[in-house]
Amino acid sequence: MSSQAPNEARVIPLRRPQAERPAASPPREAAPAAPAPREPLWRDLVGDVLRRERLAQERTLKDVADAARISMPYLSEVERGRKEASSEVLAAAAHALGLGLGDLLSLAQGELTRTGGRRRGRSAATPASPHNGLCLAA
């Protein structure tokens with residue numbers, strides 16, 4: 001039989017504190033280089049542009065969602081980069097903000113160029129290609 005009281009829980013530590021760990025562990029190799037910064041996701045960039053434009057116009061999510069005929073929770077998810085919106089939804093949100101779909105995508109592309117240039121140590125004024133970071137696919 002156990003020496004513990006019947007209603008007491010026994011605590012079992014998952015890891016030993018640093019001071020109690022054995023010192024005889026093998027030496028580690030040099031720390032690996034820091035991982036490269038993650039490429040921004042398109043949905044994050046587009047969502048940031050939508051939110052920035054909405055806030056610049058001092059409009060509420062409900063106002064823009066109603067004008068675009070999108071549910072307010074869905075528009076919120078798009079703005080936060082949690083949903084990959086269709087081109088129809090993006091066009092509706094852009095039009096509700098007085099933008100065309102091309103304007104929205106151009107602003108997002110500008111963000112991508114700026115963040116990509118900083119990430120690689122280049123300025124946005126000196127692109128690697130003559131297309132200034134624009135890539136269109138059929």
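Computed from a prediction, not measured in an experiment: that's the story for all the values here.
The CG atom of Leu61 sits 6.5 Å away from the CZ atom of Arg51 when rounded to the nearest 0.5 Å. Considering CG of Leu104 and OG of Ser87, their distance stands at 11.5 Å, rounded to 0.5 Å. Put simply, CG on Leu97 and CG on Asp63 are 9.0 Å apart, with the number rounded to the nearest 0.5 Å. Separating the CG atom in Asp48 from the CG atom in Leu107 is a distance of 11.5 Å, to the nearest 0.5 Å. In this structure, CG in Leu90 is found 9.5 Å from CH2 in Trp42, a value given to the nearest 0.5 Å.
The shortest heavy-atom contact between Gly81 and Asp44 is CA-OD1, 3.4 Å. In terms of heavy atoms, Ala94 sits closest to Gly100 at CB-O, 3.8 Å. The two residues Ala91 and Leu101 have their closest heavy-atom pair at N-CD1, 3.8 Å. Nearest approach of Ala67 to Ala96, heavy atoms of both residues: CB-CB, 3.8 Å.
Applying the salt bridge (charged side-chain N to carboxylate O under 4.0 Å, His left out) rule to Asp66 yields the partners Lys62; only residues at least two apart in sequence or on another chain are considered.
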Next item on the list: For the pair Glu79 and Arg54, evaluate salt bridge (charged side-chain N to carboxylate O under 4.0 Å, His left out) and give the outcome as yes or no after the intermediate values.
Entry: CA-CA 10 Å; Glu79 281 190 356; Arg54 179 178 61 79; 2.7 Å; yes
Item checked: Residues Gln109, Thr113; criterion side chain to side chain donor-acceptor pair (under 3.5 Å); working and verdict -> CA-CA 6 Å; Gln109 183 267 333; Thr113 301; 3.0 Å; yes
Under 3.5 Å, which donor-acceptor pairs do the side chains of residues 69-77 form with other protein atoms, sequence neighbours left out?
unit_1	atom_1	unit_2	atom_2	d
Ser71	OG	Tyr74	N	3.2
Ser76	OG	Arg80	NE	3.3
Glu77	OE2	Arg80	NH2	2.6

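Between Glu111 and Arg52, the closest side-chain pair of non-hydrogen atoms falls below 4.5 Å.
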